[in-house]
Amino acid sequence: MATFLNQAAAIISATPPSPVSPDGDWDVDGEPHDDAGAEAELRQLVLPAELHGQRLDRALAALVPEFSRNYLRQLIEAGAARIQGAPAAKPAQKVRAGDRLAIELRPTPMSQAFVPQPMALAVVYEDEHLAVIDKPAGLVVHPAPGNWSGTLLNGLLARDAAAASLPRAGIVHRLDKDTSGLLVVARTRAAMDALVALIAARQVRREYLALAQRPWTGAPAREIDAPIGRDPRQRLRMAVVDVARQPGKPAQTRCELLQNAAQGCLLRCLLRTGRTHQIRVHLAHLGHPLVADALYGGAPAAGLTRQALHARRLAFTHPITGQAVDVLAPLPADLAAALAAWGLTMPPDDMDPAADAAR
């Protein structure tokens, strides 16, 4: 069991460069899990002088570096840590040189979630360095509270043994559960670091198709430059914010009208940045929420009950070989049916992402 804990810790604690994704910053730490049937490792330590006066969670993170501070904080809160034989009161409790510390390193739901689970994955491009997956709507990308299994990460671990040695099994960006379409995953650490750098430098062209409510008016193409942060009235949502008043990050999206219908519009959206729910937030801010995006005011229509967003195209220069990679994902059946219900047709496949850089 100790071997399992060490392997799980390596995955949890590995810290690649922070990915910049269409869904924003990572937030995947699990909650405490006290499973009476799960084995645990008891680690006993004596606090050295250089850590005198530190918070308990900081001190343990320094003394048990193979586990993340978040993981250790959760165990402290679950009653798994002791100081001088007495239960630790809280993660912020101060410790003193010479204190005898003990921590019971228990499995968490997240550590138990990092297991291979075979599943059918639509791989539309692959080489020894990376793969591009066409994710169906409904598939969660990474384990998180409420979705500890059956995720893309579980499928990647089952598909490729090398994925177990990579942080997040090679995932460098995410799509929302109910967004369909393309995302790239790394198969080596070198490719992972290079892909993260490409995305951060905005050198990966990410094109989405969006079916939005209300006919589009005004200029057929629009650059939206509006910072995004947590909605102060509902923490589960994001919102366009005034950064002079509350925290937020710059966010830019290009939206182009492809076709109008009486009920709404079909848009091509290009991400310039990658913030949580960026396209969903920007379109709602413009008064054109995505069809069936209940979180941002979009009502079900045209037979759709999930947000009408599809990551249609990825184009980038391969970070290892230098070759051009340009991949298209066909429109899922539910979105194709929705377009037909509104009398809309699919756009051509020859839209050139290289032209976007000149715009």
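Sequence positions, counted from 1, serve as the residue numbers for this chain.
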Test of ring centre spacing under 6.0 Å for Tyr296 and His277: yes
Test item: Gln263 side-chain N/O and Ala212 main-chain N/O as donor-acceptor pair under 3.5 Å: no
Arg275 vs Pro227 side-chain heavy atoms within contact, under 4.5 Å: no
Single-linkage hydrophobic cluster Leu257~Ile224, side-chain heavy atoms < 4.5 angstrom: yes
Salt-bridge contact Arg43-Glu41 (side-chain N to carboxylate O under 4.0 Å): yes
Verdict with supporting geometry, His52 and Asp99, side-chain hydrogen bond (donor to acceptor under 3.5 Å, both in side chains): CA-CA 9 Å; His52 176 80; Asp99 278 350; over 6 Å; no
Backbone N/O of Ala137 and side chain of Lys177: donor-acceptor pair under 3.5 Å: no
Backbone of Ala80 reached by a side-chain donor or acceptor of Glu104 within 3.5 Å: no
Sub-4.5 Å side-chain heavy-atom contact between Arg205 and Arg313: no
Asn147 versus His142, side-chain donor and acceptor atoms under 3.5 Å: no
Audit row: Arg306, Ser180, side-chain hydrogen bond (donor to acceptor under 3.5 Å, both in side chains) steps and yes/no: CA-CA 10 Å; Arg306 59 97 170 181; Ser180 57; 3.3 Å; yes
Any Leu152 side-chain heavy atom under 4.5 Å of Leu183 side chain: yes
Contact check, side chains of Val172 and Val184, non-hydrogen atoms, under 4.5 Å: yes
For the student: nearest non-hydrogen atoms of Gln117 and Ser149, plus distance: NE2-CB, 3.4 Å
Heavy-atom pair of closest approach, residues Cys265 and His288: SG-ND1, 4.1 Å
Side-chain touch Thr345/Leu339, heavy atoms, less than 4.5 angstrom: no
Same cluster (ILVMFWY, side-chain, under 4.5 Å), Val291 and Leu295: no
Minimum-distance pair of heavy atoms, taken over all atoms of Gly181 and Leu175: O-CD1, 3.6 Å
Enclosure of Arg237 CZ (heavy-atom neighbours >12, cutoff 6.0 Å): yes
From CA spacing to verdict: side-chain contact (heavy atoms from CB on, under 4.5 Å), Leu156, Val185: CA-CA 9 Å; Leu156 293 173; Val185 298; 3.9 Å; yes
Flag, side chain of Asn154 to backbone of Thr151, donor-acceptor distance under 3.5 Å: yes
Residue pair Thr317 / Gln323, side-chain donor-acceptor N/O under 3.5 Å: no
Side-chain donor or acceptor of Trp216 paired with backbone N/O of Ala219 under 3.5 Å: yes
Check against salt bridge (Lys or Arg N to Asp or Glu O under 4.0 Å), Glu128 and Arg187: CA-CA 7 Å; Glu128 62 187 298; Arg187 301 188 67 200; over 6 Å; no
Contact check, side chains of Met346 and Leu331, non-hydrogen atoms, under 4.5 Å: yes
Stepwise side-chain contact (heavy atoms from CB on, under 4.5 Å) check, Leu139 with Val141: CA-CA 6 Å; Leu139 178 62; Val141 171; over 6 Å; no
From CA spacing to verdict: side-chain contact (heavy atoms from CB on, under 4.5 Å), Leu72, Gln74: CA-CA 5 Å; Leu72 295 166; Gln74 293 168 39; over 6 Å; no
Distance (rounded to the nearest 0.5 Å) between Arg254 CZ and Ile279 CD1: 13.5 Å
Hphob cluster co-occupancy, Leu153 + Val140, side-chain heavy atoms under 4.5 angstrom: no
Closest approach of Val64 to Leu45 (non-hydrogen atoms, all atoms of both residues): CG2-CD1, 4.0 Å
His129 side chain to Thr188 side chain, donor-acceptor N/O pair below 3.5 angstrom: no
Glu77 bridged to Lys90 by N-O distance under 4.0 Å: no
Atom pair CD (Gln93) and CD (Gln54), whose distance is rounded to the nearest 0.5 Å: 14.0 Å
Polar side-chain atom of Asp334 near backbone of Ala337 as donor-acceptor pair, under 3.5 Å: no
Side-chain heavy-atom pair Leu51, Leu63 within 4.5 angstrom cut-off: yes
Cluster link Tyr208 to Leu267, ILVMFWY, side chain under 4.5 Å: yes
Least distance between heavy atoms, Ala329 atom then Ala311 atom: CB-O, 4.1 Å
In one Ile/Leu/Val/Met/Phe/Trp/Tyr side-chain cluster, 4.5 Å: Ile320, Val196: no
Stepwise side-chain contact (heavy atoms from CB on, under 4.5 Å) test for Gln278 and Leu271: CA-CA 8 Å; Gln278 180 172 313; Leu271 287 176; 3.3 Å; yes
Salt bridge (charged side-chain N to carboxylate O under 4.0 Å, His left out) partner of Arg280, chosen from Asp231, Asp176, Asp178: Asp176
Glu223 with Arg272: basic N within carboxylate O range, under 4.0 Å: yes
Leu304 to Ala308 - nearest heavy-atom pair and separation: CD1-CB, 3.6 Å
Within 6.0 angstrom of Arg222 CZ, more than 12 heavy atoms from elsewhere: no
Close side-chain approach of Leu130 and Pro319, heavy atoms under 4.5 Å: yes
NZ/NE/NH1/NH2 to OD/OE distance under 4.0 Å, Arg159 and Glu126: yes
CD1-CD1 distance between Ile83 and Ile103, expressed to the nearest 0.5 angstrom: 10.0 Å
Main-chain N/O of Gln252 paired to His282 side chain as donor or acceptor, under 3.5 Å: no
Any donor-acceptor pair under 3.5 Å from Ser165 side chain to Ala162 backbone: yes
Gap between atom SG of Cys255 and atom CG of Leu270 - 0.5 Å precision: 8.5 Å
Interatomic distance, Asp57 atom CG to Asn70 atom CG [nearest 0.5 angstrom]: 9.0 Å
Separation between CG of Leu266 and CG of Leu258, rounded to the nearest 0.5 Å: 5.0 Å
